[in-house]
There are 2 protein chains.
Amino acid sequence: MYKISEFAEITGLSKETLRYYAEMKLLEPAFIDPKNNYRYYDDGSIFLATLLSKLRKLGFTIQEMISVMEDESFSNLEALLVQKKRKILKQINELQLQVEEIDEFLASGKEEPE
Amino acid sequence: MYKISEFAEITGLSKETLRYYAEMKLLEPAFIDPKNNYRYYDDGSIFLATLLSKLRKLGFTIQEMISVMEDESFSNLEALLVQKKRKILKQINELQLQVEEIDEFLASGKEEPE
DNA sequence: ATTGACCGTGGTGTGCACCCCACAGTTTAT
DNA sequence: ATAAACTGTGGGGTGCACACCACGGTCAAT
């Protein structure tokens with residue numbers, strides 16, 4: 001069982017992030033000492049924390065990660081990854097539209113020769 | 001000279017947006033009546049407001065629009081448009097990297113057949 | 001003069017994912 | 001026993017671009 005600082009070092013997540021995730025019920029400590037409210041994490045938590053860390057880097061939001069965690073067996077992980085991928089592709093599309101509009105704006109500005 | 005509501009209707013910007021832009025020194029009224037602090041806009045303001053409205057739709061932030069407005073002749077507008085385009089392309093790149101990482105993650109999960 | 005529409009200011013709220021701080025209790029090491 | 005190190009909680013702050021609110025003053029029309 002690891003205390004929060006130790007666990008933060010192991011996982012690379014900050015203490016504040018761990019407290020935040022606990023508050024969001026995204027990653028709850030394996031045990032909380034009722035005497036002092038200290039959070040204790042175990043080896044199972046390590047797997048979950050590194051998964052969350054990875055998903056964050058993939059652009060997942062907290063809400064999306066909560067969806068992932070809802071099924072303990074992670075049988076929906078693949079579907080959620082695909083879904084996230086589609087969301088990102090949509091964002092890319094929107095940005096490409098903006099680029100096109102900027103190009104049009106640039107072109108319209110050049111239609112006035114000297 | 002138009003009062004704020006009238007000007008809002010003409011330009012399509014909300015009153016709050018106009019007040020916000022005034023506060024940000026992005027689009028200052030042509031005249032402010034010192035007796036009641038009423039903001040008055042003129043025809044020159046219309047051109048600027050529609051330009052800002054257009055830039056917002058192109059994804060420009062307030063700060064970026066402030067850069068545009070800094071030169072009254074807008075001789076730097078083209079350069080700033082190009083610069084903005086580059087920023088967006090960079091964002092697109094980052095998102096594409098995320099997609100690739102998700103693909104890798106998906107592929108790694110499939111390496112374990114039944 | 002009165003009423004209703006309008007205006008300004010100052011403040012709060014929004015969503016996201018935390019960071020940082022002070023305060024107080026607790027644990028660990030010496 | 002004592003001091004240093006750690007922990008929790010509660011609160012505020014961050015950046016962005018406004019929206020929304022109440023309050024009080026003001027303007028326009030009648």
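Per chain, numbering begins at 1; letters A, B, ... match sequence-line order. Given the structure is predicted, the values throughout are model-derived calculations rather than measurements.
- When each of D:dT7, D:dT26, C:dC18 is scored by its nearest atom to the side-chain atoms of A:Tyr20, the top-ranked nucleotide is C:dC18.
- A:Tyr2 places its OH atom 16 Å from the P atom of C:dT28, with the value rounded to the nearest Å.
- Mapping A:Lys15 and B:Asn36 onto DNA chain D via the closest heavy atom, the residue that lands nearer the 5' end is A:Lys15.
- Rounding to whole angstrom units, CE of residue A:Met24 and P of C:dA17 are separated by 10 Å.
- Between the C1' atom of D:dA19 and the CG atom of B:Leu13 lies a distance of 14 Å, rounded to the nearest Å.
- Here D:dT9 is the nucleotide among D:dT9, C:dG8, D:dC6 with the atom lying nearest to any side-chain atom of A:Arg19.
- Aromatic ring pairs are classed by plane angle as parallel below 30°, tilted from 30° to 60° and perpendicular above 60°; the pair B:Phe47 and B:Phe74 is perpendicular.
- The minimum heavy-atom distance linking A:Thr61 with A:Arg56 is given by the pair CA-NH1, 4.2 Å.
- Whole-Å rounding puts the B:Met1 CE to C:dC6 P distance at 19 Å.
- When the side-chain nitrogen and oxygen atoms of B:Ser14 are compared with OP1 and OP2 of D:dC18, none of them lie within a distance under 4.0 Å.
- When heavy atoms are screened at a 4.0 angstrom cut-off, B:Tyr21 is found touching the sugar-phosphate backbone but no base atom.
- In this structure, B:Arg39 reaches the C:dG8 phosphate: one of its side-chain N or O atoms is under 4.0 Å from OP1 or OP2.
- To the nearest angstrom, P of C:dC19 lies 10 Å from CG of A:Leu18.
- For the pair A:Ile4 CD1 and C:dT27 P, the computed distance is 16 Å after rounding to whole Å.
- The side chain of A:Lys3 lies closest to D:dT7 when the candidates are C:dT26, D:dC18, D:dT7.
- For A:Ile62, counting side-chain heavy atoms from C-beta on, the closest listed nucleotide (C:dC19, C:dC18, D:dC27) is C:dC18.
- Taking atom CD of residue A:Glu23 and atom P of nucleotide D:dG11, one finds them 12 Å apart after rounding to whole Å.
- Listed nucleotides: C:dC18, C:dT26, D:dT9. Nearest to the side chain of A:Arg56: C:dC18.
- When all heavy atoms of A:Lys15 and A:Ser5 are compared, the closest pair comes out as CD-OG, 3.2 Å.
- Distance CG/B:Asn76 to CG/B:Asp71: 4.5 Å, rounded to 0.5 Å.
- Atom NZ in A:Lys57 sits roughly 16 Å away from atom P in C:dA17 (whole-Å rounding).
- Proximity note for B:Glu16 (side chain, C-beta onward) versus D:dT7, D:dG8, D:dC20: the nearest is D:dC20.
- Closest to the side chain of A:Tyr38, from the set C:dT26, C:dA17, C:dC6, is C:dT26.
- Listed nucleotides D:dT7, D:dC18, C:dC7 differ in distance to B:Thr17; the shortest reach to its side chain belongs to D:dC18.
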Check step by step if salt bridge (Lys or Arg N to Asp or Glu O under 4.0 Å) holds for B:Glu64 and B:Lys87.
CA-CA 11 Å; B:Glu64 289 167 338; B:Lys87 275 192 205 174; 2.6 Å; yes
